[in-house]
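Heads up, the thing below is written out as structure tokens.
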Amino acid sequence: MLKALSQHSSEPALAICHGVVKFPEATGPLREARAVGAFVPSLLWAPPGVSMKYYMFLLVLLFLLAALANAAPGPSALIANIPGRAIVNLDGAWHVIVDPFEDGTSEGFFRNEKPQNKRDRIEYSFDASPVLYVPGDWNTQREQLLFYEGPVWYRREFHYHKRANIRTFVYLGAANYRAVVYLNGEKLGEHEGGFTPFNFEVTSTLRDGDNFLIVEVDNTRRADALPALKYDWWNYGGITRDVMLVEVPPVFIQDYWIQLARGSQSDIAGWVQLNGAQSPEQVRLEIPEARLRETLTTDAAGRASFRFPAKLELWSPEHPKLYDVILTSGTDAIRDQIGFRTVEVQGASILLNSKPVFLRGISMHDEAPFREGRAFSPEDAQTLLGWVKDLGCNFVRLAHYPHTENEIRLADRMGLLVWSEIPVYQDIDWQSPATLANAEAQLRDMIARDHNRAAVILWSLSNETPIEPARLQFLKRLAQEARDLDSTRLLTSATDRLDETAANVRTLSDPLGEVLDVIGLNEYVGWYWLRPEDADTMQWKSKWNKPIIVSEFGGGAPFGLHGDADQRWTEEYQESLYQHQLGMVERIPNLAGLSPWILMDFRAPSRVLPGVQDYHNRKGLISNRGQRKLAFYVLQQYYKKLKDAGK
Ligand code: GCB
């Protein structure tokens, strides 16, 4: 609003943008300072005929509005099913400026200035700066950036042809950790959280012709961030997932939720949300293969809820049936592939399509096979989930943050059940309202992106969080939020609190258990405590009559290091640890599944042991070069045995 006002005033030609007064003829970082300096004294006098009191009131209002304009705008509501939309891909080589002293904002990097004459002093140049590829982390693209934590400015110039009746959004699949996004020098907004997508509408900011998009990405760790200061994976920075422009009609299908009604295998239920609708609109929902054609009418908020009978083959790991689903409203049409299944807990069992299911799983990071770095491509997903299938799994724990959409969609097609998690990892700032709001936002965006995927059965709220009242309050709020957003999936968390209730007896007693549907248990018998063979006599109890997934156990061994079974770091030690563990887990009451730690070795900054770790967590069953360790075959055999026994 401020901007519009100032654009219409005649003299002097000021533009007030994000709370900063700009004189258009000035260039460079001194511009704002000069402008404010010249402007302030003249403000102290009310114009003739205007009362001083009224004038002061106006001034205060003006500055309040300017401050408001300066507050970081958040992204707009997430657009669902990006793979099903008309897009302009902005991946590729982006020029970048590494900005360790955080000069970029005051220097005005977001303006992408270029000297206009030989006297101009502009102390940066995107054109002359090197490039990084998007999507991709910066750490593995340039050697000097392997350990870098700080801001990097990305710029992409592009040509765009504007057309009538098209709204355009810029969409980023993920940027780790904090991103500030500018288009043509205007700040679109900010986003926090390294693994969730976000979008901003740019219909009016885009120009017909040349445009430039600038993203400041900062991966500095912070005590109040999620994850916080300490975590056991690499802090890969950068624009790590695809960037694109998404083109939609003025009224478009922003999001939808189509699945079996809770507790039913014969009705589908859900909603469709339009964006831009001024009046009730019709939405057609079709599942041609199921001969389903329904017309819905949206309410004043652009939303239509529905429930009707449908005869559908159920999705399961053995039969990952997906249906083409088509939604049409006005000039917008979108197609998706959706599977239909139910999941629930009955006593201590997990039921999939009303039958007990045992989760034969493995944990994995979103780390690229063979080349290391952040995974992003369909090929990465294919390799990683291909290995998961080779192990004989029907389940995968995608730790410790939301993975790429490619992976989840592939899991849908492959028939892999998924645990998806937000990075509330170990100790975070439980007291901070901003941290809670951040966790809620990451949870919302994870659910928003993947709520139509049959593969996802578990939303995980946290991993190994300490027992304390503030933490319980925090996680209860998240659980409530998750249930409000999605009452059809199960809630879990990986816990690690064990009480020694008798000699050789460990009892799960984390009070968080009360809040969860399924309890995740990270136990490292034979690695962080006791010896592998101590597992043979260990007994287990649980305070909660709920399903338990052993969400982590494991031990480190670089591929090819051989020795005795009691020699730490050897493949034989890891193999023996798995053998003892698999004997023990069967004595855990209510055991509903396993996801040992971990599919593949991954980079981790605290793993410094030379010749063994070299900044890698070596608990993978497969090395980062794709070599299978002895323990891989132990778990593979065990899963085969379970499968053959009908589990
Ligand atoms: C854990 C953490 C995981 C670590 C793993 C380990 O308990 O959940 O992030 O990487 O242990 O290897 O220590």
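In each ligand, atom 1 is the first atom listed, and ligand 1 is the first ligand listed. For this chain, numbers begin at 1 and follow the sequence in order.
Contacts of ligand 1 (protein heavy-atom distance under 4.0 Å) are Asp232, His400, Tyr425, Asn463, Glu464, Asn522, Tyr524, Tyr528, Glu552, Trp597, Phe602, Arg607, Asn617, Lys619.
Residues passing the salt bridge (charged side-chain N to carboxylate O under 4.0 Å, His left out) test with Asp644 are Lys640, sequence neighbours excluded. Residues passing the salt bridge (charged side-chain N to carboxylate O under 4.0 Å, His left out) test with Arg413, sequence neighbours excluded: none.
No hydrogens or angles considered: nothing links the side chains of Asn452 and Gln259 as a donor-acceptor pair under 3.5 Å.
Aromatic ring pairs are classed by plane angle as parallel below 30°, tilted from 30° to 60° and perpendicular above 60°; the pair Tyr401 and Phe195 is parallel.
Side-chain atoms of Met584 and His580, non-hydrogen and from C-beta on, never get closer than 4.5 Å to each other.
Screening residues 420-435 for salt bridge (charged side-chain N to carboxylate O under 4.0 Å, His left out), with sequence neighbours left out, gives Arg397-Glu421.
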